[in-house]
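The model shown is predicted, which means the values in this text are computed figures rather than measured ones.
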Amino acid sequence: MKFLVCISNVPDTTTKITFTPDNKEFNKAGVQFVINPWDEYALTRAIELKEAQGGGTVTVLNVGEADTEPNIRKALAIGADDAIRVNAAPKDAFFVAEQIANVAKDGGYDVILMGKESIDYNGFQVHGMVGELLGIPTVAPAMKLDMSGNNATLEREIEGGKEIVEVNTPFVASCQQPMCEPRIPNMRGIMTARTKPLKVVEPTGDAPRTEVTEFALPPKKQGVKLIPAENAGELIKLLRNEAKVI
């Protein structure tokens, strides 16, 4: 069975967010990038399923520029067999989904996995677009994935509970905890990752359809106003006119 796992290159969660002087791009200077944590669930589960089946391949796919390759190599060190990098900045969700779909069409993959969203934009869009472009089912967000031959059983989160879904390959699934316990690379994995294939391809299809006009940081929190307990009228006035919560 052939697994395609899509990973994003995102800023570490402790990063202090700043933007370029024109406020149109994230300022990468001095920032540590990591594999999107949601994607790590997808990667680890794909490796586990391959091992349980006693064969198959796990291919990692990233849409990004050359600076993403250290994290692609980390994914190979965790246990992926090979990797593909689409040489383009991930400008918008549809552009990324189209690149993934084009690679998937050529590769004949049985299962396409990715995190439910990237922690930088939190779009929750790409998996659904990929499934639509390929004309195959999408299950999102999946908390559990088991395979029996070409049949998959997934548990997905819904409002107020969970839903059990069965689907045949090929399909797309986005992953979240508690799918599995994400793996970390060991020394042997780090050494073998250096020689695993990493293929770079140029983007195909349409140019990005959206453009960022401006990024802005959220407004700073205002100071706390203390109202004496005996002045309830003033409190109600502030809640109505300033906070606008009543």
Side-chain angles (χ1 to χ4, degrees), residues 1-15 31-64 67-86 90 96 100 103-104 107 109-120 122 124 126-127 130 139-148 152-157 162 169-199:
M1 184 166 290
K2 297 180 67 175
F3 294 90
L4 180 66
V5 179
C6 309
I7 65 171
S8 299
N9 196 56
V10 299
D12 184 85
T13 52
T14 61
T15 297
V31 173
Q32 175 71 37
F33 282 82
V34 298
I35 299 173
N36 179 45
W38 298 118
D39 298 335
E40 290 185 316
Y41 289 101
L43 175 60
T44 298
R45 189 59 185 144
I47 295 168
E48 290 175 346
L49 289 169
K50 185 195 81 167
E51 292 171 348
Q53 294 171 356
T57 59
V58 175
T59 299
V60 167
L61 171 61
N62 169 257
V63 179
D67 58 358
T68 68
E69 291 194 5
N71 279 325
I72 298 175
R73 290 290 177 190
K74 180 181 177 181
L76 293 171
I78 290 171
D81 298 291
D82 63 302
I84 301 170
R85 179 174 67 83
V86 179
V96 171
I100 294 171
V103 170
Y109 297 97
D110 300 292
V111 180
I112 302 171
L113 300 179
M114 63 191 74
K116 68 173 185 176
E117 59 190 358
S118 61
I119 63 169
D120 48 2
N122 299 106
F124 199 74
V126 173
H127 50 264
V130 172
V139 181
M143 301 186 296
K144 187 176 180 181
L145 168 60
D146 293 308
M147 301 287 301
S148 177
T153 302
L154 300 99
E155 182 179 301
R156 64 182 293 265
E157 185 177 33
K162 61 183 179 182
T169 58
F171 66 90
V172 179
S174 68
C175 305
Q176 66 173 48
Q177 85 272 23
M179 174 75 70
C180 57
E181 184 67 31
R183 295 184 180 183
I184 58 175
N186 55 34
M187 184 56 65
R188 182 173 181 272
I190 293 170
M191 297 300 291
T192 58
R194 298 176 181 177
T195 58
K196 290 181 178 179
L198 197 172
K199 180 181 179 181

Might you work through the side chain to side chain contact (heavy atoms under 4.5 Å, CB included) test for Tyr41 and Cys180, ending with a clear yes or no?
-> CA-CA 6 Å; Tyr41 289 101; Cys180 57; 4.2 Å; yes
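- The two residues Ala193 and Ala77 come nearest to each other via the heavy atoms CB-N, 3.6 Å.
- For the atom pair OG1 (Thr169) and NZ (Lys2), the distance works out to 12.5 Å, reported to the nearest 0.5 Å.
- In this structure, the side chains of Val111 and Phe171 come closer than 4.5 Å at one or more pairs of heavy atoms.
- Interatomic distance, OG of Ser174 versus CH2 of Trp38, reported as 10.0 Å (0.5 Å rounding).
- Within the structure, side-chain hydrogen bond (donor to acceptor under 3.5 Å, both in side chains) pairs that include any residue of residues 178-197 comprise Glu51-Arg183 (at least two apart or interchain).
- Considering Asn71, Ile119, Asn9 in turn, Ile119 is the only one that fulfils the side-chain contact (heavy atoms from CB on, under 4.5 Å) rule with Asn36.
- Listed for the Asp81 side chain is no donor-acceptor partner under 3.5 Å among the backbone atoms of Thr59.
- Rounded to the nearest 0.5 Å, atoms CD (Gln53) and CE (Met1) are 5.0 Å apart.
- Between Ile100 and Cys6 the shortest heavy-atom distance is CG2-SG, 3.6 Å.
- Between atom CD of residue Gln176 and atom NZ of residue Lys116 there is a gap of 4.5 Å, rounded to the nearest 0.5 Å.
- Residues Ala80 and Ile47 come closest through the heavy atom pair N-CD1, 3.9 Å.
- Between Val86 and Leu61, the closest side-chain pair of non-hydrogen atoms falls below 4.5 Å.
- Between the CE atom in Met143 and the CD atom in Gln177 there is a gap of 9.0 Å [rounded to 0.5 Å].
- For Ile190, the CD1 atom is densely surrounded, since the number of other residues' heavy atoms within 6.0 Å is greater than 12.
- Residues Ile112 and Pro170 have side chains not in contact (no heavy-atom distance under 4.5 Å, counting atoms from C-beta outward).
- Summarising the geometry of Thr44 relative to Pro182, their closest heavy-atom pair is OG1-CA, 3.4 Å, with the distance given to 0.1 Å.
- Annotation: side chain of Val31 is in contact with side chain of Phe33 (closest heavy-atom distance under 4.5 Å).
- The CG atom of Asp12 sits 12.5 Å away from atom CD1 of Ile35, with the distance rounded to the nearest 0.5 Å.
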May I have the step-by-step check of side chain to side chain contact (heavy atoms under 4.5 Å, CB included) for Val58 and Leu43, ending in yes or no?
-> CA-CA 8 Å; Val58 175; Leu43 175 60; 4.2 Å; yes
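- A search for side-chain hydrogen bond (donor to acceptor under 3.5 Å, both in side chains) contacts involving Thr68 returns Asn62, not counting sequence neighbours.
- Across all their heavy atoms, Asp39 and Ser8 have their closest contact at OD2-N, 2.7 Å.
- At least one side-chain heavy atom of Pro37 sits under 4.5 Å from a side-chain heavy atom of Val10.
- Taking Lys162 as the reference, Glu155 meet the salt bridge (Lys or Arg N to Asp or Glu O under 4.0 Å) condition, with sequence neighbours excluded.
- Side chain of Asp82 to backbone of Pro197: no donor-acceptor contact under 3.5 angstrom is found.
- The closest side-chain heavy-atom distance from Lys74 to Glu40 is below 4.5 Å.
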